[in-house]
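Bear in mind the structure is a predicted one, so any value in this text is a computation, not a measurement. By convention in this document, chain letters (A, B, ...) are assigned in the order of the sequence lines, proteins followed by strands, and residues within each chain are numbered from 1.
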Amino acid sequence: QSWNMATPYPDTNFHTQNIKMFIEEIEAATPLRITLHTNASLLRMPEIMRGVQTRQAQLGEILLSAYGNDDPMFRVDSIPFLAPGFVNGIKLWHASREAIEQRFEDRGLIVLYSVPWPGQGIYTKEPMATPDALNGVSFRAYNAATARLAELMGAIPTTVQAAEIPQAFATGIVSAMITSAATGVDSQAWDFVQYYYNTRAMNTRNVVFVNAQAFNGLDAETQQVIREAAARAEIRGWMMSAEAEELTTSRLAEEGMTVANASPEVMEALIAIGTQMAEEWVAEAGDEGRALLEAIGR
Amino acid sequence: MDLINIGLFLLLVLAILLGTGVWISVSLLALGWIAIEVFTSVPTLKAVGSSVWGSSASWTLAALPLFIWMGEILFRTKLSENMFRGLAPWVGWLPGRLLHVNVLGCGVFAAVSGSSAATVATIGKMTLPELRKRGYDERLSIGSLAGSGTLGLLIPPSIIMIVYAVAAEVSLIRLFIAGVLPGLMLIALFSGYLLIVGWLRPEVAPAREAAMSLGQKLRASLQLFPVLVLIAGVIGSIYFGIATATEAAAMGVIGALLLAALTGSLSWRTFSDSLMGATRLSCMIAFILAGAAFLTTAMAYTGIPQALAAWVGAMDLNRYVLIAALCLLYIIMGCFIDGISLIVLTTSIVLPLVTAAGFDLIWFGIFIIFVVEMAQITPPLGFNLFVIQGMTGQNIFTVARAAIPFFCLMVVAVALITIFPEIATWLPSTMTRR
Amino acid sequence: MTTASSPRARGPVRRVLDGLYLASGILGACFILGIAGLITAKVVGRLLGRNIPGSDDLTAWFVAASAFLALAYTFRHGSHIRVTLLVQRFTGRWRRGFELASLVVATLAVGGLAAGLVDLVLDSWRWNDIAQGLLRVPMWIPQSATALGAVILFIALVDDLVTTLRGGEASYLKGDGAADRFDGH
Ligand code: NA
Ligand code: NA
């Protein structure tokens, strides 16, 4: 039997490397053959969930918060400073996992595992010494949450396509952004920006999932192999992500950027913004959302 | 059936579809449909919906209708006359004399037009009658025009580059900028050739006309000023990052409308004609791209491109051998297929190959632009030949013969960028390092 | 503008169909104007220190709408390119045979495309898919433009198929699309 798997990320990404190991383990133990289509070559990010639902591919990987407009539960991981750092991130995932799995199930999908991206920090051209440092600065936004974050910091949210980040910085279209150190290394941030503040604002997550009908059509033994490989991939992925965070953050410093932790006042202001955004999120997510935040002690 | 046989079968079906006159976009769509329906268990209906929608709703593609519209507006202005009067006074002293206007005029117009046939038509409309009147060598006039017109594709903006950037998913801005130096190199090669011929065989050009004073020359060139501003605006704003390629295109449209208004050629009629013309043309191209995207998805499901890439990878070909083989293949295909189809038909198969061989996709984009340029002047299907045929009444094989030296110079240019890839890759690499 | 088919068919149906093709073409052109307007607004907004949220998404949808809504108009103009080197050599019954074969293939393929795009719209509507960017728009809205354009092209193909079967000349053969082609390449 042969399956297709769609991911929007390139071959070199650690998520993709992890998926490849996941597939190898399955193929070694079962007759199932899985072709991985990387780099959105089969389906683009917005089409992947539907694509797996309709069996254009049996397996898929998405950035969960990309689907945040569909359901507030999908973007709980992108509320900045709600669960900063990996440890809080794990807590948040375990608290929200059941609700998220239920939503996938409603769409005929089964969640196999989830791996976070490294924590996100703030890149600026000018030093960010005080909380009002970003006042009036144009700030790159890539979704509703980052646009709102920029607004609350007093910055002007500006949408810039990922491929145009260097151009946008070089010419002052934007002067600040929030993203992980890994993405900063990928886009060679040192060419166009000087400061990186390691705020670990949030760990957005990728989710790997399977079409339920396809999965249930497998024999019990194969299903078991996939489940176990998924459990291993989840743990391995968290470790790869933590490792990537360290390596890429130090790489930014090696390339001559000023890498620092945000000052206590700045951090306090940012966390206040996070609290406000969490409240706004609860207003949309309702009682279920409130219960989730209580479960992680917020 | 193994993958090779499936591939050959699909190739045969494609040849039959194209050969019997089925629209190119429809052929791609139909072939994709057959490939998925017959050789995979994927739900075809779902696949065609998500792949066609996903590829068509593309932000990068916004530059396409805008640059086309800009060209359509300029095409309807008096630009071509100004071009001749503005450039002619400066080249009279060179061996080859006014023949250089063909090369330079095309080079300048290429910087505002995204199309090679429009470049040939605009410049040729003015230069060919003037050159004939003055007794220049017909063959050299026609050949240099046919060759130089292809600059429209290489010097940004370029419709073909947008098509490639979308198909190969590379940065359009970088691709545009990568075309600048190879374009200037090609201008130098063409002009150099005209210099040598003009020097060895002075009879190709008549005696020098009475020289103008510097003031007269400058006055004659003043008419070119608005175009130069437009060029500086479009290319400059892309290179210096003031605007994205799409934004430069929108500004180009506004600039072209202003230019048309300034020269008195803007009317409701030119406005609506240019807009509807741009609508048809960009619709045609976008539909081909949609068909190609679906075929690419279908190919990914069959596994043919991956298998082929693995096969060629295992042969461990020398890079130069691979490029020479591809060049030959494209030149042969380019005799029968137009440039846009040439790119979209082959990207799903060829790009995995060149990536596996370690080529930079921006560099390969410039390479493929060169081979598409050659395809413009090879019979029986060559759009520059058609345009010149329409203007001179010469049959296309006569025109093609006149273009042979310029075709050879393009082969030289391809060899040069293969040996010195920096010609294409250096300028874009400086963009972020400022 | 190209009007089509044999004089005896020029009834109310003919007029409605021709009106449909032209109107959708003009609508496609309006979306190109819209793209130019959106991008200009974005540039001006940036100079004034304002951001227009979601303009990128809107631009992408306009691109799809402009291309698909103009499909039928472009088709009847003869502007969709084809390789006619071989077909041109034939005349009379053979030539008509090639045209019929091309039209049948195109009708089937575009019929499939239209069905796929309509199915996509229905899926998006049924699952209440929301766009992933800054604009929280139900996906079926922008997707409808592409589905509608494909359906109109399908109608235009059936139209020409019927015309050719009745012995008339297909609309795209009378269009002046050849002039267009020169500008594109
Ligand atoms: Na050009
Ligand atoms: Na050719």
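B:Thr20 contributes atom OG1, which lies 12.0 Å from atom CG of C:Leu100 (distance to the nearest 0.5 angstrom). For the atom pair B:Met284 CE and C:Thr74 OG1, the distance stands at 9.0 Å (nearest 0.5 Å). With rounding to the nearest 0.5 angstrom, the SG atom of B:Cys283 is 11.5 Å from the NE2 atom of C:His77. Within the model, atoms OG1 of C:Thr40 and CG of B:Leu66 stand 8.0 Å from one another, a figure rounded to the nearest 0.5 Å. To the nearest 0.5 Å, the span separating SG on C:Cys30 from CG on B:Leu275 amounts to 8.0 Å. A distance of 10.5 Å separates CG of C:Leu27 from OG1 of B:Thr279, quoted to the nearest 0.5 Å.
Of all non-hydrogen atoms in B:Gly21 and C:Arg82, the two that sit nearest each other are O-NE, 2.7 Å. Taking all atoms of both residues into account, the shortest heavy-atom contact from B:Gly19 to C:Val87 is O-CG2, 3.7 Å.
At a 4.5 Å heavy-atom cutoff, the contact between C:Phe68 and chain B is made by side-chain atoms alone. Contact of B:Leu64 with chain C is not made at all, since no heavy-atom distance falls under 4.5 Å. For B:Trp23, the parts sitting under 4.5 Å from any heavy atom of chain C are the backbone and the side chain alike. Contacts between B:Ile34 and chain C at a heavy-atom distance below 4.5 Å are absent for every atom of the residue. For C:Ala101, no part sits under 4.5 Å from any heavy atom of chain B, backbone or side chain. Looking at C:Phe75, the atoms closer than 4.5 Å to chain B (heavy atoms on both sides) all sit in the side chain, from C-beta outward.
Inspection of non-hydrogen atoms places C:Ser102, C:Leu103, C:Val105, C:Ala106, C:Ala109, C:Val110, C:Gly112, C:Leu113, C:Ala115, C:Gly116, C:Leu117, C:Asp119, C:Leu120 of residues 102-120 of chain C under 4.5 Å from chain B. Using a 4.5 Å cut-off between non-hydrogen atoms, the part of residues 123-142 of chain C that approaches chain B consists of C:Asp123, C:Met139, C:Pro142.
With chain C as partner, the option from B:Ala30, B:Ala250, B:Ser58 having the largest number of non-hydrogen pairs under 4.5 angstrom is B:Ser58.
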